Amino acid sequence: MAVSAEVTKICTISATALTFSGYSQTVPTDTTATASGQCTGTSGTLTFTVGEGGNYSGGSRRITDGTNFLNYQVAISAGGADLAATDAVDIEISASTGAGSTTLYGRIPAAQGNKPAGTYTDSVVLTLTY
């Protein structure tokens, strides 16, 4: 009896929400999210990019309440440079579990003016290369 199986190389990426607890006109508002990768049939480095977001304009990612905007940044280190949509971010995938994760750091810079109260949102696509 012959028995065989083919393990297909499949990787997925997911992320927790980048949720800011508020906005201050006087100091930056910081938060974090976690991007996680899960792979079958491979190990090593999983690479992804962070998109510009649905409200991108003038070189900045922006969250909006539908009328008003706040610029925000996504970085791979606390206080780090904002990632461009072409900047590669690596997740090391464990050979034994096929999983790995990395922290993304979000920042709303201060001094963006007095904004109306409300919920400001955006959506960013993480694009996976493996």
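Remember, predicted model here, so these are calculated numbers, not experimental data.
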Identified side-chain contact (heavy atoms from CB on, under 4.5 Å) counterpart of Thr49 within the set Thr127, Leu126, Leu128 | Thr127
Can you check whether Thr40 reaches Val7 side chain to side chain, under 4.5 Å on heavy atoms?
-> yes
OG-CG distance between Ser60 and Asn55, expressed to the nearest 0.5 angstrom | 11.5 Å
Any side-chain donor paired with an acceptor under 3.5 Å for Asp90 and Thr45?
-> no
Side chain to side chain contact (heavy atoms under 4.5 Å, CB included) between Arg61 and Asp82: does it pass, once the steps are laid out?
-> CA-CA 9 Å; Arg61 290 181 179 93; Asp82 190 30; 2.9 Å; yes
Report yes if some heavy atom in the side chain of Ile13 is under 4.5 Å from a heavy atom in the side chain of Ile91; otherwise report no.
-> yes
Apply side chain to side chain contact (heavy atoms under 4.5 Å, CB included) to Tyr120 and Arg62, showing your working.
-> CA-CA 9 Å; Tyr120 290 66; Arg62 304 181 311 163; over 6 Å; no
When rounded to the nearest 0.5 angstrom, what distance separates NZ in Lys115 from CD1 in Ile63?
-> 10.0 Å
For Gln25 and Asn114, run side chain to side chain contact (heavy atoms under 4.5 Å, CB included): C-alpha distance rounded to whole Å, both residues' side-chain angles, the deciding distance at 0.1 Å, then the answer.
-> CA-CA 7 Å; Gln25 293 186 60; Asn114 188 25; 3.6 Å; yes
Which pair of non-hydrogen atoms, one from Thr34 and one from Ser101, has the smallest distance, and what is that distance?
-> CG2-CB, 3.9 Å
Show which side-chain atoms of residues 68-80 pair as donor or acceptor with protein atoms under 3.5 Å away, not counting sequence neighbours.
{"residue": "Asn68", "atom": "ND2", "partner": "Asp65", "partner atom": "OD1", "Å": "3.4"}
{"residue": "Asn68", "atom": "ND2", "partner": "Asp65", "partner atom": "OD2", "Å": "3.0"}
{"residue": "Tyr72", "atom": "OH", "partner": "Asp122", "partner atom": "OD2", "Å": "2.6"}

Output the distance between atom CD (Gln38) and atom OG1 (Thr97), rounded to the nearest 0.5 Å.
-> 6.5 Å
Hey, any chance Val89 and Tyr105 share a hydrophobic cluster, counting ILVMFWY side chains that come within less than 4.5 Å of each other, even indirectly?
-> no
Side chain to side chain contact (heavy atoms under 4.5 Å, CB included) evaluation trace for Cys39 with Ile10 = CA-CA 6 Å; Cys39 292; Ile10 298 173; over 6 Å; no
Value for CG (Leu18) from OG1 (Thr32), rounded to nearest 0.5 Å, stands at 8.0 Å
Flag the pair Ser36 / Ser14 as yes when at least one side-chain heavy-atom distance between them is below 4.5 Å, and no otherwise.
-> yes
In Å, rounded to the nearest 0.5 Å, how long is the span from CZ of Phe20 to CD1 of Ile108?
-> 4.5 Å
Which atom pair, heavy atoms only, marks the closest approach of Leu104 to Ala35?
-> CD1-CB, 4.2 Å
